[in-house]
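What follows is a set of notes on a single structure, which appears directly below.
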Amino acid sequence: TQLLQAAGDEADLELFGRLMLRTSARNQLAGRVRQIQSHGHNDLIDIELPGGAHLQAQITHDSTENLHLSAGSSVVALIKAGWLELQPLSRAADAERNALEGRIEQILPASDGPSEVRMSLTNGQTLCASVEPQHLATLGLVVGDPVRAQFAASQVLLGTQL
């Protein structure tokens, strides 16, 4: 409230609005940058999550600079639920994609459209995936099953705190 009262003009209110972010991405994983590899105009950001799991994000070099990323930087990885592909651990992981393992803790069916599958990672963080019920049945996945979520590095958005 005090911050809003201190915002004296419209420009201050617009800046304040940009500092507070709402996102439609269901998955927000906190981690630290381990390494940054340059690939032309893009950078591959290697992120370590609490508990030791890793994921990679591919962002432009300009974004790396704008976010002031370096080894040790705290980041939040944003991944939309529809971008996650679930598979049983018995299937081989695609080495070209991110792979996070956990256990299905809840399946919330929808009357129409995809079900929401909540997956607990070993570090206590949760991932949500949108999966068509028919595909879920084909995979044979149920609550309690160990599962892998795979997604491309280009499907990971990064954010930092100011």
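The basis for the numbers below is simple: all heavy atoms, side chains too, and nothing from hydrogens, waters or symmetry mates.
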Any side-chain heavy-atom pair of Ser73 and Thr160 under 4.5 Å: no

Closest non-hydrogen atom pair, Arg32 against Gly72: NH1-O, 2.8 Å

Salt bridge (charged side-chain N to carboxylate O under 4.0 Å, His left out) partners for Asp46, two or more places apart: Arg34

His39 atom NE2, over 12 foreign heavy atoms within 6.0 Å: yes

Evaluation steps, side chain to side chain contact (heavy atoms under 4.5 Å, CB included), between Leu84 and Ile79: CA-CA 8 Å; Leu84 297 179; Ile79 311 152; 3.8 Å; yes

For Arg103, salt bridge (charged side-chain N to carboxylate O under 4.0 Å, His left out) partners two or more places apart: none

Leu55 side, atom CG; Ile45 side, atom CD1 - distance, nearest 0.5 Å: 11.0 Å

With Val142 via side-chain contact (heavy atoms from CB on, under 4.5 Å) - residues at least two apart: Asp145

Spacing of CD1 belonging to Ile59 relative to CG belonging to Leu157, to within rounding of 0.5 Å: 9.5 Å

Which residues share a side-chain hydrogen bond (donor to acceptor under 3.5 Å, both in side chains) with Gln125, sequence neighbours left out: Asn123

By side-chain contact (heavy atoms from CB on, under 4.5 Å) - contacts of Ala152 (at least two apart): Ser154, Gln155

Listed once per pair and sorted, the salt bridge (charged side-chain N to carboxylate O under 4.0 Å, His left out) pairs that draw on residues 104-128, sequence neighbours left out: Arg26-Glu116, Glu116-Arg118

Results of side-chain contact (heavy atoms from CB on, under 4.5 Å) for Ala53 - residues two or more places apart only: Leu49, Leu100

Nearest heavy atoms of Gln87 and Ala93, plus distance in Å: OE1-CA, 3.9 Å

In one Ile/Leu/Val/Met/Phe/Trp/Tyr side-chain cluster, 4.5 Å: Leu78, Val75: no

Asn27 side, atom CG; Phe151 side, atom CZ - distance, nearest 0.5 Å: 8.0 Å

Minimum-distance pair of heavy atoms, taken over all atoms of Pro133 and Gly113: CD-O, 3.6 Å

Connected via hydrophobic side-chain network under 4.5 Å: Ile47 and Leu29: yes

Glu101: side-chain contact (heavy atoms from CB on, under 4.5 Å) partners, not counting sequence neighbours: Leu89, Arg148

Closest heavy-atom pair and its distance - His135, Leu86: NE2-O, 4.5 Å

Pairing residues for Thr60 by the side-chain hydrogen bond (donor to acceptor under 3.5 Å, both in side chains) criterion, not counting sequence neighbours: Ser63

Closest non-hydrogen atom pair between Pro109 and Ser115, with its separation: CA-OG, 3.6 Å

Side chains of Leu158 and Val76 in contact at under 4.5 Å (non-hydrogen atoms): no

By side-chain hydrogen bond (donor to acceptor under 3.5 Å, both in side chains) - contacts of Thr64 (at least two apart): Asp43

Reported CG-to-CD1 distance for the pair Leu141 and Ile107, which is rounded to 0.5 angstrom: 7.0 Å

Within-4.5 Å side-chain heavy-atom neighbours: Leu69 and Ile36: yes

Residue list, salt bridge (charged side-chain N to carboxylate O under 4.0 Å, His left out) with Glu85, at least two apart or on another chain: Arg97

Rounded distance (nearest 0.5 Å) linking atom CD of Glu48 with atom CD of Gln35: 12.0 Å

Closest contact, heavy atoms only, Asp94 versus Gln150: N-OE1, 2.9 Å

From CH2 (Trp83) to CG (Asn98), nearest 0.5 Å: 12.5 Å

Pairs touching residues 119-133 that satisfy salt bridge (charged side-chain N to carboxylate O under 4.0 Å, His left out), sequence neighbours left out: none

